[in-house]
Student: 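Take this structure first; my questions come after.
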Protein chains: 2
Amino acid sequence: MKLESRFWMTVDGKKVFGKGPCILLKNIDRLGSLNKAAREMNMSYSKAWSIIHGAERALGYALVETKSGGLDGGGSFLTVEAKRLVRAYEEFSKEAEELVNKLYEDYFKDF
Amino acid sequence: MKLESRFWMTVDGKKVFGKGPCILLKNIDRLGSLNKAAREMNMSYSKAWSIIHGAERALGYALVETKSGGLDGGGSFLTVEAKRLVRAYEEFSKEAEELVNKLYEDYFKDF
DNA sequence: TTTCGTTGTTCTTGTGTTAGTATAACGCCA
DNA sequence: TGGCGTTATACTAACACAAGAACAACGAAA
């Protein structure tokens, strides 16, 4: 029996940012392309696109800069705000998970 | 911008118990009836039933005792194991939420 | 000017989940 | 015995969500 946890940010009840968008952003950063990131994650392009732009609308600022055209077709790149957000969320959720897992051990050690 | 968190227990990846089943069990305990609890939560009886029995199957022990027939039609009542589980989960998740919210303030105070 | 792989956008299709319905069994009481 | 409000279970309809297709725009290079 194992604990799993999830953390996400909301603005008046609406989901704004969480694990899924965070992973997607990291993959976009690594691959330089929303298309490639979506394919690697077995996610449709349109789904990936709507995740990113839904988060942008909710947050009120851009997470990716895009470029279309050119030899390589273009690509997507994280804004500095997105990089900061990803870093903060990752560090936070890592530590939160550890904390919560310790607490779980305390409360459920004799279950 | 507010943090929301969710915690649930799993057995080899499968969800076993979490917030939803916990609330449902509390309502069953309070109302003495799965039917009444489901109606109060705007949930179909069949959905409520499958939540409870799915959790029982995954956990390997009974969470509710049921009685059908009689003047009042019967009802559902929590087993001692269910009461213990609900209490542990509630205390755990309350403290976990507080901890995680404090941590969130630290990491996101200047966002 | 053509080719290419992106982004951006809309629409249709399929799938999985949930609600809702139907039906039987139960047991106390009038 | 008949009525009632439960539990228990199966089946069907409706809805939400995701996949995927389709198509235009873009811009660098051949």
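Here is how names work: the chains are called A, B, and so on, in the same order as the sequence lines, proteins then strands, and each is numbered from 1. None of the values given here were measured: they were computed from a predicted structure.
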Student: Grab the CD1-C1' distance between Ile51(A) and dG8(C) for me, whole Å please.
Tutor: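 So the two atoms are 16 Å apart, to the nearest Å.
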Student: Kindly point out which of dT7(D), dT7(C), dG8(C) is positioned nearest to the side chain of Leu34(B)?
Tutor: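 Among dT7(D), dT7(C), dG8(C), the one nearest the side chain of Leu34(B) is dT7(D).
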Student: Check whether any side-chain heavy atom of Leu59(A) sits under 4.5 Å from a side-chain heavy atom of Val11(A), and report yes or no.
Tutor: no
Student: Between Trp49(B) and His53(B), how do the two ring planes meet: parallel, tilted or perpendicular, split at 30° and 60°?
Tutor: parallel
Student: Can you tell me if Thr66(A) touches the phosphate of dT6(C), counting only side-chain N or O atoms and a distance under 4.0 Å to OP1 or OP2?
Tutor: no
Student: Go through Met9(B) and Tyr104(A) one step at a time and tell me if the side-chain contact (heavy atoms from CB on, under 4.5 Å) criterion holds.
Tutor: CA-CA 10 Å; Met9(B) 280 138 35; Tyr104(A) 174 73; 3.5 Å; yes
Student: Which angle, rounded to 10°, do you find between the first-five-pair axis and the last-five-pair axis of the helix from dT1(C)-dA30(D) to dA30(C)-dT1(D)?
Tutor: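 Between the first-five-pair axis and the last-five-pair axis there is 20°.
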Student: Starting at atom CZ of Arg39(B), determine the distance to atom P of dG20(C), rounded to an integer number of angstrom.
Tutor: 13 Å
Student: How far apart are the C-alpha atoms of Arg39(A) and Asn35(A), what are their side-chain angles, what is the distance that settles it, and do they pass the side-chain contact (heavy atoms from CB on, under 4.5 Å) test?
Tutor: CA-CA 6 Å; Arg39(A) 275 209 305 273; Asn35(A) 196 354; 3.3 Å; yes
Student: So if I take every side-chain heavy atom of Ser33(A) and compare against dT7(D), dG8(C), dT6(C), which nucleotide ends up nearest?
Tutor: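 Closest of the options to the side chain of Ser33(A): dT6(C).
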Student: Is any side-chain N or O of Lys67(B) closer than 4.0 Å to OP1 or OP2 of dC26(C)?
Tutor: no
Student: Do any N or O atoms from the side chain of Tyr89(B) and from the backbone of Phe7(B) form a donor-acceptor pair under 3.5 angstrom?
Tutor: yes
Student: In whole Å, I'd like the distance from the CG atom of Asn35(B) to the C1' atom of dA22(C).
Tutor: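 Atom-to-atom, Asn35(B) to dA22(C), this comes out as 15 Å.
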Student: When you check the gap from the basic side-chain N to the acidic O, do Glu98(B) and Lys94(B) get nearer than 4.0 Å?
Tutor: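 So Glu98(B) pairs with Lys94(B) through a salt bridge.
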Student: Looking at residues 8-32 of chain B, who's got a heavy atom less than 4.0 Å off DNA chain D?
Tutor: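 Residues of residues 8-32 of chain B that come under 4.0 Å of DNA chain D do not exist, since none gets that close.
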Student: Using 4.0 Å as the upper bound for N to carboxylate O, is an ion pair formed by Glu97(A) and Lys19(A)?
Tutor: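 Between Glu97(A) and Lys19(A) there is no salt bridge, as every charged N stays at least 4.0 Å from the carboxylate O atoms.
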Student: For Leu78(A) and Ile28(A): C-alpha separation, side-chain torsions, deciding distance, then whether side-chain contact (heavy atoms from CB on, under 4.5 Å) applies.
Tutor: CA-CA 7 Å; Leu78(A) 268 56; Ile28(A) 292 171; 3.8 Å; yes
Student: Taking the side chain as every heavy atom from C-beta outward, state whether Asp106(B) and Phe92(A) have any pair of such atoms under 4.5 Å apart.
Tutor: no
Student: Taking atom CZ of Arg57(A) as the centre, does the number of heavy atoms from other residues, nucleotides or ligands within less than 6.0 Å exceed 12?
Tutor: no
Student: Sugar-phosphate means primed atoms, P, OP1 and OP2; the rest is base. With that split, encode nucleotides 15-30 of chain D 5' to 3' as B, S or - using protein heavy atoms under 4.0 Å.
Tutor: ---SBB-----BBS--
Student: Rounded off to whole Å, could you give me the CH2-to-P distance for the Trp49(B) and dG5(D) pair?
Tutor: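 After rounding, the gap between these two atoms is 23 Å.
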Student: Quick check on the hydrophobic clustering: are Leu25(B) and Met43(B) connected, directly or via other members, by side-chain heavy-atom contacts under 4.5 Å?
Tutor: yes
